Amino acid sequence: MGGEDGDGDRNWDFHLRTLSNSTRDSNLANNPASDPSLLHSVKRLHELCKEENSEDLIAKIYPQINKLFQRSVSLLSQSTNSYGLLLLAILQFFLDFGEVVLHDADPSLRTFLRSCLSREFADPVVAEATLDFLNVNKKKILTSFPTLLPQFFPLLLKLIAWNGEKLEKSFMKIFPGLMMSPGSFLPLFPSLVDLPILVVALQKVERSSGSLIGSSIASIQKSTAPEMLLALMDEAYTGSTIADGGADSESEDSSAIDAADPFFLEFLKDENDGLPERHWTSPAMVATLQATINTPQSDRLKQMLKMTPRLLDVYFAISLRDVNDSLICALIPLLMSRNDTMFPDKIFSYEVRKRLLEFMLAAFQRSPNFIALLKKPIMDRLGEAYDSPAKTELALQLCWAIGEHGGGGGSHKDAARELFESLELLLYENLSTSRLGLRESALRSGSESSRKSSQSRLLCFVVTAIAKLASYHRELLPRARVSLGKVARSRISDVRVWRRARDYLGLMNEPAICLSVLGPSRPSDGNMQKPGTVNWSEGGTKMIAHIPFYILGEQEGPPFHDFSFSDILPRR
């Protein structure tokens with residue numbers, strides 16, 4: 001019997017007749033996926049074509065394969081059977097032999113994703129087979145069809161959100177391909193951050209409408225990419241906020257899945273139509289998040305809370321390595337806007353926020369001029385410094401970046417001056433309103449004490465940023481001395497703040513070491529030395545006495561070194 005099967009498998013005509021007969025059998029013609037022998041025949045014909053390497057054989061087989069594909073696609077919405085594995089086998093034939101028979105696989109691939117995978121992404125067998133197919137053909141797909149994966153990344157995110165960690169390794173291999181197109185780089189970021197919310201939305205649909213397998217829940221809306229990209233660039237350069245707009249279109253299945261709310265319209269789409277509009281104040285979003293907080297987390301949600309930071313690691317690593325400056329510059333305002341808006345899980349929020357801030361600082365390190373280009377959104381975030389702990393931390397990191405990179409560099413003096421004024425305003429606001437007032441009652445709750453400590457930490461960074469910015473742009477030194485002098489003389493603020501201001505004032509009076517200590521990490525001026533070094537050869541012409549070593553060691557009192565300056569200064 002095994003010999004008969006072997007002989008039959010080698011007879012391409014036998015398998016070709018199997019495909020041909022399926023069109024004449026009324027039952028199979030209306031439901032090809034119900035006959036597993038069709039899948040076997042397609043795979044065996046593919047193997048025989050590879051073994052024989054005959055263009056004539058490929059040309060004979062192709063028409064029947066193509067007819068089966070078209071018939072299967074046309075019956076998808078009428079059948080309860082899964083067509084995923086059968087269509088994937090046919091697609092493999094198209095990819096391998098398309099050039100021989102002049103078949104463009106691009107429309108077929110898009111048809112599969114749009115018509116089949118959108119209905120079967122929740123089927124674990126089809127999901128795994130799809131990822132395997134994409135990985136096997138990754139090079140050809142990225143080369144010949146470079147826009148395919150970027151266009152359908154929302155559908156692939158739905159696939160991994162529903163199937164979780166068991167497919168993570170396979171998904172990670174194709175994940176970089178989702179970012180290859182400039183049109184997908186920016187929209188992909190908020191979609192990644194919101195993967196836990198996508199899981200919640202899918203679970204809500206399953207509870208209200210039954211199994212996700214076999215019914216399309218996509219909402220392919222009219223593209224808003226040009227408008228949203230312009231809005232993002234407007235925020236990048238002017239600081240204006242991207243507004244949340246309502247959606248005009250609804251899913252065809254809206255009555256079944258209650259998708260009339262923009263919450264569903266956005267999260268459940270299959271195709272990339274530009275920067276997503278996240279309706280964080282919509283009734284569905286508020287109600288869903290509140291219900292999530294009050295109920296135990298599902299296994300799917302727990303897995304996605306762990307996976308999302310790992311996906312962001314890959315996203316940010318590839319961004320810094322391969323993405324151009326214009327897209328990264330446009331991404332930074334998006335990072336700022338999402339820093340305080342994400343799924344309300346404490347550990348998840350910490351892990352994601354940590355990665356956002358680390359990437360933002362790495363981007364500023366690579367391109368310090370971003371600070372000048374994004375001065376308006378940066379100043380807006382400084383103005384929100386006390387709105388929430390997350391915004392306080394963002395403002396703190398921005399203060400550090402402003403000072404560390406000289407407000408964008410020596411060629412951006414106007415931007416540096418405006419940023420300096422924002423730092424001054426933040427400083428004076430606290431001095432005038434006594435936010436940290438020691439005159440207030442010493443009896444404070446734990447939360448109040450924590451808030452005070454956070455504000456003190458922020459102001460220490462503000463003071464440092466003012467000193468560093470003025471050291472880089474020396475025309476700002478007089479104003480910096482005035483600002484820091486007011487803080488140093490103040491006893492309203494926390495002692496750590498006015499003590500640091502006093503120390504920086506002393507350091508500013510030591511020109512031989514001030515720039516080396518407070519200067520930028522990457523000086524654009526060739527005459528500037530690297531930070532942390534002192535040009536001792538200038539000791540004969542510049543005052544270096546009374547060097548406040550205690551500042552660097554955070555020690556009070558006179559220096560405790562046991563050498564004289566004549567031991568280390570060159571003799572002339």
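Not measured: the values here are computed from a predicted model.
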| Would Thr392 and Tyr386 count as having a side-chain donor-acceptor pair, cut-off 3.5 Å? |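 No - no donor-acceptor pair under 3.5 Å links their side chains.
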Got a second to check how far [X]'s [atom1] is from [Y]'s [atom2], nearest 0.5 Å?
| X | Y | atom1 | atom2 | value |
| --- | --- | --- | --- | --- |
| Glu168 | Met304 | CD | CE | 8.0 Å |
| Lys158 | Asp270 | NZ | CG | 3.5 Å |
| His412 | Tyr472 | NE2 | OH | 9.0 Å |
| Leu188 | Leu331 | CG | CG | 10.0 Å |
| Phe152 | Thr147 | CZ | OG1 | 9.0 Å |
| Leu134 | Phe171 | CG | CZ | 10.0 Å |

4.5 Å side-chain heavy-atom contact, [X] and [Y]:
| X | Y | result |
| --- | --- | --- |
| Phe175 | Ile160 | no |
| Leu459 | Val487 | no |
| Phe420 | Glu475 | no |
| Thr464 | Cys399 | no |
| Ile332 | Phe364 | yes |
| Leu311 | Met172 | yes |
| Pro190 | Leu334 | yes |
| Gln297 | Asp345 | yes |

| field | Any residue meeting side-chain hydrogen bond (donor to acceptor under 3.5 Å, both in side chains) with Asn163, in chain and number order, not counting sequence neighbours | value |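 None.
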Please check: side-chain N/O of [X] versus main-chain N/O of [Y], any donor-acceptor pairing under 3.5 Å?
| X | Y | result |
| --- | --- | --- |
| Arg381 | Ala395 | no |
| Asn272 | Gly183 | yes |
| Ser349 | Lys346 | no |
| Asp194 | Ile197 | no |
| His473 | Ala416 | no |

| Residue pair Leu142, Leu148: steps toward the side chain to side chain contact (heavy atoms under 4.5 Å, CB included) verdict | CA-CA 8 Å; Leu142 293 179; Leu148 181 72; over 6 Å; no
Which atom of [X] lies closest to which atom of [Y], heavy atoms considered:
| X | Y | answer |
| --- | --- | --- |
| Pro368 | His405 | CB-CB, 3.9 Å |
| Val199 | Ala161 | CG2-O, 3.6 Å |
| Ser191 | Leu157 | CB-CD1, 3.6 Å |
| Leu192 | Thr308 | O-CG2, 3.2 Å |
| Leu320 | Ala362 | CD1-CB, 3.8 Å |
| Ala465 | Leu423 | CB-CD1, 3.8 Å |

| said: Under 4.0 Å between a side-chain nitrogen and a carboxylate oxygen: does that hold for Asp503 and Arg499? | reply: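 The answer is no: the pair does not qualify as a salt bridge.
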| query | Taking NZ, NE, NH1 and NH2 as the nitrogens, is one of them in Glu271 or Arg114 under 4.0 Å from a carboxylate oxygen of the other? | reply |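 So Glu271 pairs with Arg114 through a salt bridge.
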| field | Sequence neighbours excluded - side chain to side chain donor-acceptor pair (under 3.5 Å) pairs with any residue from residues 180-190 | value |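 Output for this query is empty, none listed.
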[X]: partners by side chain to side chain contact (heavy atoms under 4.5 Å, CB included), with sequence neighbours left out:
| X | value |
| --- | --- |
| Lys486 | Tyr428, Leu431, Val482, Arg489 |
| Asn339 | Arg353, Leu357, Ala390, Leu394 |
| Leu477 | Ala470, Arg474, Arg481, Met508 |
| Glu351 | Pro309, Ile347, Arg355 |

| message | Is there a side chain to side chain contact (heavy atoms under 4.5 Å, CB included) between Leu195 and Leu198? Walk through the geometry before answering. | response | CA-CA 5 Å; Leu195 277 173; Leu198 174 59; 4.0 Å; yes
| task | Under the salt bridge (Lys or Arg N to Asp or Glu O under 4.0 Å) rule, what do Glu165 and Arg310 come out as? Steps first, then yes or no, please. | result | CA-CA 11 Å; Glu165 291 179 323; Arg310 296 195 288 267; 3.2 Å; yes
Among residues at least two apart in sequence or on other chains, which ones pass ring pair (Phe, Tyr, Trp, His ring centres under 6.0 Å) with [X]?
| X | value |
| --- | --- |
| Phe370 | none |
| Phe359 | Phe316 |
| Tyr315 | Phe185 |

| query | Under the salt bridge (Lys or Arg N to Asp or Glu O under 4.0 Å) rule, what pairs show up with a residue in residues 314-333, not counting sequence neighbours? | reply |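 Passing the test, one end in residues 314-333: Asp325-Arg366.
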| request: May I have the step-by-step check of salt bridge (Lys or Arg N to Asp or Glu O under 4.0 Å) for Lys375 and Asp414, ending in yes or no? | output: CA-CA 10 Å; Lys375 62 181 181 181; Asp414 289 341; over 6 Å; no
| task | In sequence, state the C-alpha distance, the side-chain angles, and the governing distance for Phe189 and Leu312, and then conclude on side chain to side chain contact (heavy atoms under 4.5 Å, CB included). | result | CA-CA 8 Å; Phe189 166 70; Leu312 286 173; 4.3 Å; yes
| All salt bridge (Lys or Arg N to Asp or Glu O under 4.0 Å) counterparts of Arg479, not counting sequence neighbours |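 Scan of Arg479 (salt bridge (Lys or Arg N to Asp or Glu O under 4.0 Å), adjacent residues dropped) gives Glu421, Glu424.
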| request: Please identify each residue that fulfils salt bridge (Lys or Arg N to Asp or Glu O under 4.0 Å) with Asp106, with sequence neighbours left out. | output: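 Residues passing salt bridge (Lys or Arg N to Asp or Glu O under 4.0 Å) with Asp106: Arg110.
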| side chain to side chain contact (heavy atoms under 4.5 Å, CB included) between Cys460 and Arg457, intermediate numbers included | CA-CA 5 Å; Cys460 283; Arg457 180 168 171 257; 5.8 Å; no
| Residue Lys306 excluded, over 12 heavy atoms near NZ under 6.0 Å |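 No - once you tally the heavy atoms of other residues, nucleotides and ligands closer than 6.0 Å, there are 12 at most.
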